Amino acid sequence: MTTSEYNLCIDQHADKIYRFILKSTNDEELSKDIMQDTFEKLWVKVNLVDFEKAKSYLFTTAYHSMIDMFRKEKRKREYENNNFGTESHHDQYVDLNEQLHAAIKLLPEIQRTVILLRDYEGYSYSEITEITNLSESQVKVYIYRGRVFLKKYIGSIEAVI
Amino acid sequence: MITRENYEIFLIDYIDGKLDTVKAAELLVFLSENPDIEDDFNNLERINITPAEPGCFNTSFLKKDLNDVKEITSKNYEEFIIAKFENDLNPDDIKRIDEFISNNPKYEQDVISFKKVFLSPDSTIQYKDKHKLKKSIPVFRVYSKYIYLAASVAAAVLLLFTVLKPFEHQSAPIQATIFSDTEPDSENKQEKVQTKITIPDNPDHFTEIQSIKKDIPKVPTLQEKDITLTRQIISEREEIPQFLAIKTELIPVNSADNNEIISMLTQPKTIGQKPIIENRNNPLSKINTFLNDKNILTIEKVDFWSAINLGLKGFNNLTEAGVELKKETDNNGMVTAYALESENFSVRSTSKSKF
């Protein structure tokens with residue numbers, strides 16, 4: 001990949017990667033750190049990564065950087081303790097997409113990741129398998145569980161409204 | 001020594017057959033002295049687990065594929081609905097789940113709900129610091145090796161011209177003969193002088209001067225005079241302005257009979273050079289005028305030193321190498337050595353090797 005193609009990757013994928021990370025972490029600063037880390041890693045391997053495969057490389061790197069950051073900073077547990085258990089959501093979101101994005105925060109990390117990759121970027125099961133190092137069966141199971149949770153969440157909101 | 005605190009280690013090794021005969025005998029003595037442990041040992045010895053034969057445990061029933069599910073029920077219909085929206089069902093299974101829903105209208109709401117739980121990207125979220133991630137495209141990134149190659153060639157050529165060429169002409173002793181074919185003019189004390197300068201190492205290379213007026217009080221007609229040439233860099237002469245001295249090199253000539261200093265500027269491979277007409281806008285013309293005023297013979301010169309320094313300046317601008325060309329002179333002004341120097345290397349060529 002040339003420097004021009006690298007810069008083109010930023011134009012084409014930076015928003016998507018950032019969206020994926022931000023929705024996964026719900027932490028703006030952490031997301032920016034991961035963005036820097038992800039694209040620095042791509043730049044280091046700019047001569048080895050084909051432009052056509054850059055998007056997959058970026059999502060894979062971002063995902064693993066995110067996991068590493070979670071582990072290093074233990075933010076995942078803190079975040080779950082501080083937010084997931086206490087958030088009151090039933091009367092905050094009216095728009096369905098907003099409701100879903102609120103609900104996605106409540107999903108376990110891995111379910112959230114696979115659903116975001118599936119819905120945001122339309123990745124196939126096999127592509128999600130490559131990014132997350134999960135088996136295809138695991139990906140299907142996590143997507144299924146995530147969908148069921150979201151469906152129940154939406155149903156509960158609709159019942160309240 | 002086997003004690004109640006460490007006997008387990010010896011027991012396990014005994015069961016595994018790893019205990020030597022001495023220790024085994026010691027263990028048996030220990031067990032006979034401790035009947036409660038002996039009972040445990042006897043029970044432990046009877047437990048012998050053997051690995052199952054490969055393939056005896058059928059795992060296939062654990063695997064699950066919706067296509068293999070024979071019947072859609074109230075317990076698995078959600079999987080089919082989700083799989084349908086995920087485009088993960090074959091046409092037959094799509095038909096099956098549709099029939100199941102139509103036969104069970106109470107599940108229609110679930111279909112509607114599942115249809116809603118597919119996210120769409122939040123386009124309002126954008127990464128605003130893209131410019132910080134971008135890398136500048138280096139101008140010479142692709143072509144840098146060619147530039148350095150060209151610069152290297154240029155440097156090599158400069159080196160050859162600088163170190164070798166000047167010594168070819170200057171390192172050898174110069175002999176000059178001045179011929180005079182006219183009577184001295186008693187009034188203006190001028191005569192036409194023909195001068196021929198040859199280099200012993202290269203007889204074909206000479207400089208000849210014709211029809212140059214010279215103010216000499218007493219010069220025998222057609223008398224061949226031996227003169228000795230010494231070199232002096234014009235820039236080293238205080239009376240010559242530095243800006244004029246850049247492009248010329250002055251060779252003082254000592255006349256044999258009256259010891260008058262005759263100075264001239266050399267121009268290799270120039271024959272019959274005409275005297276330069278003064279042009280106030282031409283610095284070289286100014287210096288010729290200045291030299292003529294002091295009874296100095298002048299010849300226009302091709303200055304390797306300036307040309308090479310100009311080339312080096314361009315080379316340094318390209319490569320930022322900081323290469324300098326220096327020359328050393330002896331007390332008589334003769335160049336004794338040239339050196340091409342930078343921070344990383346130094347190439348020096350001396351004239352002594354020529355003699």
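Quantities reported herein were computed from a predicted structural model and do not represent experimental measurements. Side chains included, hydrogens not; waters and symmetry mates left out as well; all remaining heavy atoms used. Per chain, numbering begins at 1; letters A, B, ... match sequence-line order.
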Chain A contacts, top residue of Lys132(B), Glu86(B), Glu78(B), Gln126(B) (heavy-atom pairs, under 4.5 Å): Glu86(B)
Tyr120(A) versus chain B, the contacting section by heavy-atom distance below 4.5 Å: both
Nearest heavy atoms of Leu100(A) and Lys116(B), plus distance in Å: CD1-O, 3.1 Å
Interface residues of residues 124-131 of chain A facing chain B - non-hydrogen atoms under 4.5 Å apart: Tyr125(A)
Residue list, salt bridge (charged side-chain N to carboxylate O under 4.0 Å, His left out) with Lys32(A), at least two apart or on another chain: Glu28(A)
From OG1 (Thr124(B)) to CZ (Arg19(A)), nearest 0.5 Å: 8.0 Å
Steps toward side chain to side chain contact (heavy atoms under 4.5 Å, CB included) verdict (Phe114(B), Val148(A)): CA-CA 8 Å; Phe114(B) 274 119; Val148(A) 170; 4.2 Å; yes
CA sep, side-chain torsions, deciding dist, call: Asp15(A), Lys130(B), side chain to side chain contact (heavy atoms under 4.5 Å, CB included): CA-CA 9 Å; Asp15(A) 286 340; Lys130(B) 292 191 188 79; 3.0 Å; yes
Chain B contact via Ile10(A) - side chain, backbone, both or neither, heavy atoms under 4.5 Å: both
Evaluation steps, side chain to side chain contact (heavy atoms under 4.5 Å, CB included), between Asp11(A) and Lys134(B): CA-CA 9 Å; Asp11(A) 289 333; Lys134(B) 290 186 177 180; 2.7 Å; yes
Which of Glu121(A), Arg118(A), Lys16(A) touches chain B most, by non-hydrogen pairs under 4.5 Å: Arg118(A)
Pairs touching residues 10-36 of chain A that satisfy ring-ring contact (aromatic ring centres under 6.0 Å, His included), sequence neighbours left out: Tyr18(A)-Tyr127(B), Phe20(A)-Phe59(A)
Gap separating the CD1 atom of Ile21(A) from the CD1 atom of Ile125(B), nearest 0.5 angstrom: 11.5 Å
Contact origin within Leu133(B) toward chain A - heavy atom pairs under 4.5 Å: both
Stepwise side chain to side chain contact (heavy atoms under 4.5 Å, CB included) test for Lys135(B) and Val46(A): CA-CA 11 Å; Lys135(B) 307 291 182 185; Val46(A) 70; over 6 Å; no
Those residues of residues 136-145 of chain A, ordered by number, that approach chain B below 4.5 Å (heavy atom to heavy atom): Lys140(A), Ile143(A), Tyr144(A)
Main-chain N/O of Val117(B) paired to Arg147(A) side chain as donor or acceptor, under 3.5 Å: yes
Contact origin within Glu40(A) toward chain B - heavy atom pairs under 4.5 Å: side chain
Other residues, nucleotides, ligands: >12 heavy atoms within 6.0 Å of Lys53(A) NZ: no
